[in-house]
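If you're wondering where the values come from, they're calculated on a predicted model, not measured in any experiment. Numbering of residues begins at 1 and proceeds along the displayed sequence.
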Amino acid sequence: MKIKLMISSLLLLISFNLSAAVDWQSASQEVVQSIDKMLIKVAPFKGKLNADLEPFYQDLDEITQDRVDYPYIAKIVMGKYYRKATEQQKLDFQVAFKRTLLKTYGKALVSFDIKGYELLKSRRLSPKPNKQKVVIKVTSTTGDTYSLINYLVYKENKWKLVNIVLDGFNLRVTFKNQFGSIAQKNRGEMDLTIQKWSDSMSKSK
């Protein structure tokens, strides 16, 4: 009886600590910290789209490697073709997708003249503490404002980004549609589709 009581107390303590740490507040802190780090790194490259941005992409890689669930997002982007792909093809696309996302997000940060941002407090609690939505209002120097919605999941003892929606532009859905279109044109041939994806994304502005 005493042992059962001790075990129950321990489980309760673990549950309490988890619920205290895994909430909107902790998720929003993770988002804010990431944004602040990115803004520091992008400062020397602001407005220099023709410059060598490789050092900046490497900085973004270091900042996001433990904060973005690249394998999960890549799986969603592949959609129905994920089941048909070999393990090597899945890995190849993860690498290509990560590179695409870093360049896309990196170029956006370089070209967008950010005046500041504001964390918008959540109006309702998430029914699942390990899944949170963090909304950021971004303001440009011209006075335009944009809504940046970050979707995060708590896994492997840390918050990880699984999707971003910018003023209605759903990154994950957009990339999934693009991948599906390329795969369809290439009759589902994965190696060719992954190569075409990389080529297409590298040319996009």
Determine the minimum heavy-atom distance between [X] and [Y], stating which atoms define it.
{"X": "Phe175", "Y": "Val77", "result": "O-CG1, 3.5 Å"}
{"X": "Leu119", "Y": "Ser28", "result": "CD2-CB, 3.8 Å"}
{"X": "Ala96", "Y": "Ile194", "result": "CB-CG2, 4.4 Å"}
{"X": "Arg67", "Y": "Ile63", "result": "NH1-O, 2.8 Å"}
{"X": "Val162", "Y": "Arg172", "result": "O-NH1, 3.1 Å"}
{"X": "Lys160", "Y": "Glu156", "result": "NZ-OE1, 2.9 Å"}

Can you tell me if [X] uses its side chain to pair, donor with acceptor, with the backbone of [Y] under 3.5 Å?
{"X": "Asp23", "Y": "Pro129", "answer": "no"}
{"X": "Ser147", "Y": "Lys137", "answer": "no"}
{"X": "Ser34", "Y": "Glu30", "answer": "yes"}
{"X": "Lys84", "Y": "Glu189", "answer": "no"}

Can you confirm whether the side chains of [X] and [Y] place a donor and an acceptor under 3.5 Å from each other?
{"X": "Trp159", "Y": "Ser26", "answer": "yes"}
{"X": "Asp113", "Y": "Ser140", "answer": "no"}
{"X": "Gln89", "Y": "Asp191", "answer": "yes"}

- Message: Could you go through Met190 and Asp92, starting from their C-alpha distance and side-chain angles, then the distance that decides it, and tell me whether this counts as side-chain contact (heavy atoms from CB on, under 4.5 Å)?
- Response: CA-CA 10 Å; Met190 280 296 97; Asp92 289 343; over 6 Å; no

Is there side-chain contact between [X] and [Y], with at least one heavy-atom pair below 4.5 Å?
{"X": "Thr142", "Y": "Lys115", "answer": "no"}
{"X": "Glu118", "Y": "Leu120", "answer": "yes"}
{"X": "Leu192", "Y": "Lys196", "answer": "yes"}
{"X": "Ile164", "Y": "Tyr151", "answer": "no"}

Distance (rounded to the nearest 0.5 Å) between [X] [atom1] and [Y] [atom2]:
{"X": "Ile76", "Y": "Asn163", "atom1": "CD1", "atom2": "CG", "answer": "9.5 Å"}
{"X": "Ile149", "Y": "Leu166", "atom1": "CD1", "atom2": "CG", "answer": "9.0 Å"}
{"X": "Trp197", "Y": "Met78", "atom1": "CH2", "atom2": "CE", "answer": "10.5 Å"}
{"X": "Leu171", "Y": "Leu148", "atom1": "CG", "atom2": "CG", "answer": "10.0 Å"}
{"X": "Ile114", "Y": "Thr139", "atom1": "CD1", "atom2": "OG1", "answer": "9.5 Å"}
{"X": "Ser126", "Y": "Gln132", "atom1": "OG", "atom2": "CD", "answer": "4.5 Å"}

- Item | Candidate pair Lys131 and Tyr154, rule side-chain contact (heavy atoms from CB on, under 4.5 Å), full reasoning | CA-CA 6 Å; Lys131 295 182 178 181; Tyr154 194 82; over 6 Å; no

Contacts table for residues 177-188: side-chain donor-acceptor under 3.5 angstrom, sequence neighbours left out:
{"from": "Asn177", "atom 1": "ND2", "to": "Val173", "atom 2": "O", "distance (Å)": "3.4"}
{"from": "Asn186", "atom 1": "ND2", "to": "Ile182", "atom 2": "O", "distance (Å)": "2.7"}

- Quick one: side-chain hydrogen bond (donor to acceptor under 3.5 Å, both in side chains) pairs with a partner in residues 70-82, sequence neighbours left out? Thr64-Tyr70

Just jot down the salt bridge (Lys or Arg N to Asp or Glu O under 4.0 Å) partners of [X], sequence neighbours excluded, or say none.
{"X": "Asp69", "value": "Lys155"}
{"X": "Lys133", "value": "none"}
{"X": "Lys90", "value": "Glu87"}

- Task: Start with the C-alpha distance between Val95 and Arg99, add both sets of side-chain angles, then the distance that settles side-chain contact (heavy atoms from CB on, under 4.5 Å), and finish with yes or no.
- Result: CA-CA 6 Å; Val95 173; Arg99 177 67 177 174; 5.8 Å; no

- Query: For Lys176, does the NZ atom sit with more than 12 other heavy atoms under 6.0 Å from it, leaving out its own atoms?
  - Reply: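 12 or below, so no.
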
- Carefully, step by step, assess Thr145 and Val138 under the rule side-chain contact (heavy atoms from CB on, under 4.5 Å). CA-CA 5 Å; Thr145 60; Val138 183; over 6 Å; no

- Under 4.5 Å between side-chain heavy atoms, hopping through other hydrophobics if needed: is there a path connecting Tyr57 to Leu49? yes

Check: residues 36-45 side-chain donor-acceptor pairs under 3.5 Å, at least two apart:
{"from": "Asp36", "atom 1": "OD1", "to": "Tyr117", "atom 2": "OH", "distance (Å)": "2.6"}

- Test side-chain contact (heavy atoms from CB on, under 4.5 Å) applied to Leu161 and Val153, Val68, Val134, the passing residue: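 So the option named by the test is Val68.
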
